[in-house]
Number of protein chains: 2
Amino acid sequence: MTEDGPRRQARGMRRIASILDAAATLFTAAGYDATTTNAIASAAKISPGSLYQFFPNKPAIAEALTARYVDDLNAIYDHALAIGPGDPAAASKTIDQLIEALVAFHAANPAAKALLGGAGISPDLARITTPLHGAMCDRAEDVVAAIAPTLTPRERARTAEVCIHIVQALMPMILAAPAAARPEASNELKRALVGYLLTPP
Amino acid sequence: MTEDGPRRQARGMRRIASILDAAATLFTAAGYDATTTNAIASAAKISPGSLYQFFPNKPAIAEALTARYVDDLNAIYDHALAIGPGDPAAASKTIDQLIEALVAFHAANPAAKALLGGAGISPDLARITTPLHGAMCDRAEDVVAAIAPTLTPRERARTAEVCIHIVQALMPMILAAPAAARPEASNELKRALVGYLLTPP
DNA sequence: ACAGAATACGAGCCGATGCTCGTATTTGGC
DNA sequence: GCCAAATACGAGCATCGGCTCGTATTCTGT
């Protein structure tokens, strides 16, 4: 599973980081498809040839960047699950805290939307990100299980899927809001989630 | 506002329709960006040169297709608004009927997701579809006003925005479900909307 | 029937883009 | 200090995609 490329020296590690930083900036501005590998190299202040010393092709860049984000998101889910296993009244608290963390994450890593945003991503990018995105869905299921333990596995899976889609749908609205209005926008997301989870079928 | 192109004959009208049909099919399968104009011409069984007798460029094709969909959606909103102006108990009924109509529309026109799906669309496509999408948001506001007349204009706008995003987020899940499970999936969307609208801030 | 407009063709232009290749320089272990 | 490996360069290749252009055919109004 680990990379079997050349043995990187410190300089190479730094280059890889700066390439991913540059790619993140450009992906945020124009999306994956519209971002040129030459533009990434240029933004990272290296030549196109140098870029391909570290990544075999364009999707590999997206993959490495996505892996970064998946690590962060796993930590967020770990934290959310560690908090609320006790009493059922903590459910709302868990949602609160999870949403705050996710908003902070996406505010700090705006390119994640371009890579993990479920809808409208190009076919070859989907091939890269879909498995990683699937792993995130499993984590969300764990959180749903902690909040609503009485659901059947089938119901739980669907509920988690709906919650993920709602979060993904409203996150851009929250991030687009001016910083002052952001808490209000976050509240709308929490309302939508709590409303959905508490409304009987 | 009306087109000032050459005076179309019946043959030309048919060609335009078949081009849009072909484009819809390809957009559904691969999205706007990944679909070639040559592929559209080929699918419509005409040459690339003929295609450009009817459309000045690629975005114009997306624009014409979007206009089709906007007409249909306007009719759907008109119908929803005509039904429920009477009693407040009709709110849930209005949502029910509107969701059914929207699901039927997207099932019949799967390419609409690739053109109007808010997230992840390319810059030049956004330039085309954003104004039309904005008009749809205004219509949704009217529906929200009919359902919850006590909201301030500011609250109403935000509520409509949230509802639109929720619908857009869950629609792909509904359409991806096998036909037998589709009513159940639609119910999840209705639950999410009703839950959001009825949960106090 | 005739003229002009609309429709149709398809090879190919032109710019863009992912990526390569030969070569030069720097680094780190011995 | 030496040498192999890692890093760096950037002009340019191969391909692809939107679109054009010269030309041929079909329709429509009169």
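Since we're looking at a predicted model, the values are computed, not measured. Naming: A, B, ... by sequence-line order, numbering from 1 per chain.
Residue pairs meeting the salt bridge (charged side-chain N to carboxylate O under 4.0 Å, His left out) criterion with at least one member in residues 18-30 of chain B, sequence neighbours excluded, are D21(B)-R68(B).
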**Study point:** Residues S122(B), D33(A); criterion side chain to side chain contact (heavy atoms under 4.5 Å, CB included); working and verdict
**Key:** CA-CA 8 Å; S122(B) 74; D33(A) 288 305; over 6 Å; no
Practice item. Verify side chain to side chain contact (heavy atoms under 4.5 Å, CB included) between F27(B) and I40(B), making sure each step is shown before the conclusion. Key: CA-CA 9 Å; F27(B) 288 167; I40(B) 296 174; 4.3 Å; yes
Practice item. Show your reasoning for whether side chain to side chain contact (heavy atoms under 4.5 Å, CB included) applies to R15(A) and R8(A). Key: CA-CA 10 Å; R15(A) 278 284 184 236; R8(A) 300 284 173 213; over 6 Å; no
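On the nucleic acid side, DNA chain C has its first and last nucleotide under 4.0 Å of a heavy atom of chain B at dA6(C) to dG10(C), going 5' to 3'.
Position along DNA chain C of the nearest nucleotide to G49(B) versus R8(B) favours R8(B) as the more 5'-ward residue.
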Output side-chain donor-acceptor pairs under 3.5 Å for residues 138-149 of chain A, partner residues at least two apart or in another chain, one line each.
{"residue": "R139(A)", "atom": "NH1", "partner": "N74(A)", "partner atom": "OD1", "Å": "2.7"}
{"residue": "R139(A)", "atom": "NH1", "partner": "D78(A)", "partner atom": "OD1", "Å": "3.4"}
{"residue": "R139(A)", "atom": "NH2", "partner": "D78(A)", "partner atom": "OD1", "Å": "2.6"}

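L51(B) comes within 4.0 angstrom of nothing in the nucleic acid, heavy atoms only.
In this structure, the side chains of P172(B) and K113(B) come closer than 4.5 Å at one or more pairs of heavy atoms. In this structure, the side chains of I46(B) and L51(B) come closer than 4.5 Å at one or more pairs of heavy atoms. The shortest distance between side-chain heavy atoms of V167(A) and L102(A) falls below 4.5 Å.
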Identify the pairs formed between an N or O of the protein and an N or O of nucleotides 26-30 of chain D at a distance under 3.5 Å, and give each distance.
{"residue": "dC27(D)", "atom": "O3'", "partner": "Q9(B)", "partner atom": "NE2", "Å": "2.7"}

Atom pairs, N/O to N/O, protein against nucleotides 15-19 of chain D, distance under 3.5 Å?
{"residue": "dG18(D)", "atom": "OP1", "partner": "T35(B)", "partner atom": "O", "Å": "3.3"}
{"residue": "dG18(D)", "atom": "OP1", "partner": "K58(B)", "partner atom": "NZ", "Å": "3.0"}
{"residue": "dG18(D)", "atom": "OP2", "partner": "T37(B)", "partner atom": "N", "Å": "2.7"}
{"residue": "dG18(D)", "atom": "OP2", "partner": "T37(B)", "partner atom": "OG1", "Å": "3.2"}
{"residue": "dC19(D)", "atom": "OP2", "partner": "Y52(B)", "partner atom": "OH", "Å": "2.8"}
{"residue": "dC19(D)", "atom": "OP2", "partner": "K58(B)", "partner atom": "N", "Å": "2.8"}
{"residue": "dC19(D)", "atom": "N4", "partner": "N38(B)", "partner atom": "OD1", "Å": "3.1"}

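Applying the salt bridge (Lys or Arg N to Asp or Glu O under 4.0 Å) test to D96(B) and every residue at least two apart in sequence or in another chain returns K190(B).
Between E188(A) and R191(A), at least one side-chain nitrogen of the basic residue sits less than 4.0 Å from a carboxylate oxygen of the acidic one, meeting the salt-bridge criterion.
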